[in-house]
Amino acid sequence: MALNKYLRLLAVAVCVAVATVACKVSITMNGSVLDYNIYKTIRVSDFPIRAALVYPPLQQTFENTLLDYIAKNTRLQTTEGASDLELEGEITGYNLTPQAVTEDAYASMTRLTITVRVKYIDNRQENKDIDQSFSAYRDFPATEMLTDVQDQLCEEITKELVDLIFNATLGNW
């Protein structure tokens, strides 16, 4: 009887040991689920502005923010040539629209919306590619001039867009 109990405890201990060795839990604080045994490099192309309304500093701001975010949240090496992953696209929208129309038919707020089309190409696994547009916006008082607030608004919108793009591509959400 004591032998059966000992054998059961031994069997449970072996099962726990095998399960512990067989399971690989990988948790990252940023949500990235990349397998760094497969993915080592990424190529990030320029994101030219193709919008009707153009704010020239936006392209550089967006590209730098995207590259910085990838560098801080992954172990991928950026490259100019062949790579495991590719990100390319264009800034397709930079729009101002009136919001919160008051009783005298004037807008009390203006919305700045930025849209970016992104092509994500996975050169290691099929059916992982993405071709999608992402938009984000910020509202500001219509009494303020766009030129006075657009640097700050573009920075805030860019951070949100980069987060959305990362989660849809490298974050695999």
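Sequence positions, counted from 1, serve as the residue numbers for this chain.
The pair Glu86-Lys119 does not meet the salt-bridge criterion, since no charged nitrogen lies less than 4.0 angstrom from a carboxylate oxygen.
The two residues Pro98 and Ala107 come nearest to each other via the heavy atoms CB-CB, 3.5 Å. Heavy-atom minimum distance, Ile157 versus Leu112: CD1-O, 3.5 Å.
Around atom NZ of Lys159, no more than 12 heavy atoms belonging to other residues, nucleotides or ligands sit under 6.0 Å away. The 12-atom threshold is not exceeded at CD of Gln77, counting heavy atoms of other residues, nucleotides or ligands nearer than 6.0 Å.
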Please list every donor-acceptor pair under 3.5 Å in which a side-chain atom of residues 60-67 meets a protein atom from a residue at least two apart or in another chain.
unit_1 : atom_1 : unit_2 : atom_2 : d
Gln60  : NE2    : Asn64  : OD1    : 3.1
Thr61  : OG1    : Pro57  : O      : 3.0
Glu63  : OE2    : Phe47  : N      : 2.6
Glu63  : OE2    : Gln59  : NE2    : 2.9
Asn64  : ND2    : Gln60  : O      : 3.3
Thr65  : OG1    : Thr61  : O      : 2.8

Task: Full working for side chain to side chain contact (heavy atoms under 4.5 Å, CB included) between Gln125 and Ile38 - done: CA-CA 9 Å; Gln125 295 183 19; Ile38 298 172; 3.9 Å; yes
- [ ] Evaluate the side chain to side chain contact (heavy atoms under 4.5 Å, CB included) criterion for residues Ile70 and Leu87: first the C-alpha distance (whole Å), next the side-chain angles of each, then the deciding distance (0.1 Å), finally the verdict.
- [x] CA-CA 11 Å; Ile70 291 169; Leu87 272 175; 3.9 Å; yes
- [ ] Might you work through the side chain to side chain contact (heavy atoms under 4.5 Å, CB included) test for Leu76 and Leu34, ending with a clear yes or no?
- [x] CA-CA 9 Å; Leu76 296 171; Leu34 293 171; 3.6 Å; yes
Task: Chi angles and distances behind the side chain to side chain donor-acceptor pair (under 3.5 Å) call for Tyr39, Asp122 - done: CA-CA 9 Å; Tyr39 302 106; Asp122 186 329; 2.5 Å; yes
Task: Trace of the side chain to side chain contact (heavy atoms under 4.5 Å, CB included) decision for Tyr55 with Leu146 - done: CA-CA 11 Å; Tyr55 179 56; Leu146 176 62; over 6 Å; no
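Between the Ser83 side chain and the Thr79 main chain, no donor and acceptor come within less than 3.5 Å of each other. Panel note: side chain Ser108, backbone Ala100; a donor-acceptor pair is recorded below 3.5 Å.
With no hydrogens or angles considered, a side-chain donor-acceptor pair links Arg43 and Ser45 at under 3.5 Å. A side-chain donor from one of Asp163 and Tyr69 sits under 3.5 Å from a side-chain acceptor of the other. Side chains of Gln150 and Tyr94: a donor-acceptor N/O pair is present below 3.5 angstrom, by distance only. Side-chain contact annotation: Thr115 with Ser135, donor-acceptor N/O pair under 3.5 Å present.
Pairs engaging residues 141-152 under the salt bridge (Lys or Arg N to Asp or Glu O under 4.0 Å) rule: none recorded [sequence neighbours left out].
Among residues two or more places apart in sequence or in another chain, the salt bridge (charged side-chain N to carboxylate O under 4.0 Å, His left out) test is passed with Asp84 by Arg124. Annotation: salt bridge (charged side-chain N to carboxylate O under 4.0 Å, His left out) contacts of Glu160 (sequence neighbours excluded): Arg138. For Arg117, the salt bridge (charged side-chain N to carboxylate O under 4.0 Å, His left out) criterion is met by Glu90, Asp131, not counting sequence neighbours. The salt bridge (charged side-chain N to carboxylate O under 4.0 Å, His left out) check on Asp46 picks up nothing, with sequence neighbours excluded.
Rounding to the nearest 0.5 Å gives a distance of 8.0 Å between NZ of Lys40 and CG of Asp35. Here CD1 of Ile121 is found 10.0 Å from CG of Leu85. Values are rounded to the nearest 0.5 Å. Atom CG of Asp139 and atom CZ of Arg111 lie 4.0 Å apart (nearest 0.5 Å). The CZ atom of Phe166 lies 12.5 Å from the CZ atom of Phe134; values are rounded to the nearest 0.5 Å. We find the OG1-CG distance between Thr110 and Leu96 to be 7.0 Å, quoted to the nearest 0.5 Å. Atom CD1 of Ile114 is separated from atom CD of Glu156 by 10.5 Å, given to the nearest 0.5 angstrom.
Hydrophobic clustering places Leu53 together with Phe140 (ILVMFWY residues linked when any side-chain heavy atoms are closer than 4.5 Å, directly or through intermediates). Following chains of ILVMFWY side-chain contacts shorter than 4.5 Å, one can reach Val149 starting from Leu58, so the two form part of one hydrophobic cluster. Note on Ile42: it clusters hydrophobically with Ile130, by side-chain heavy-atom contacts below 4.5 Å among ILVMFWY residues.
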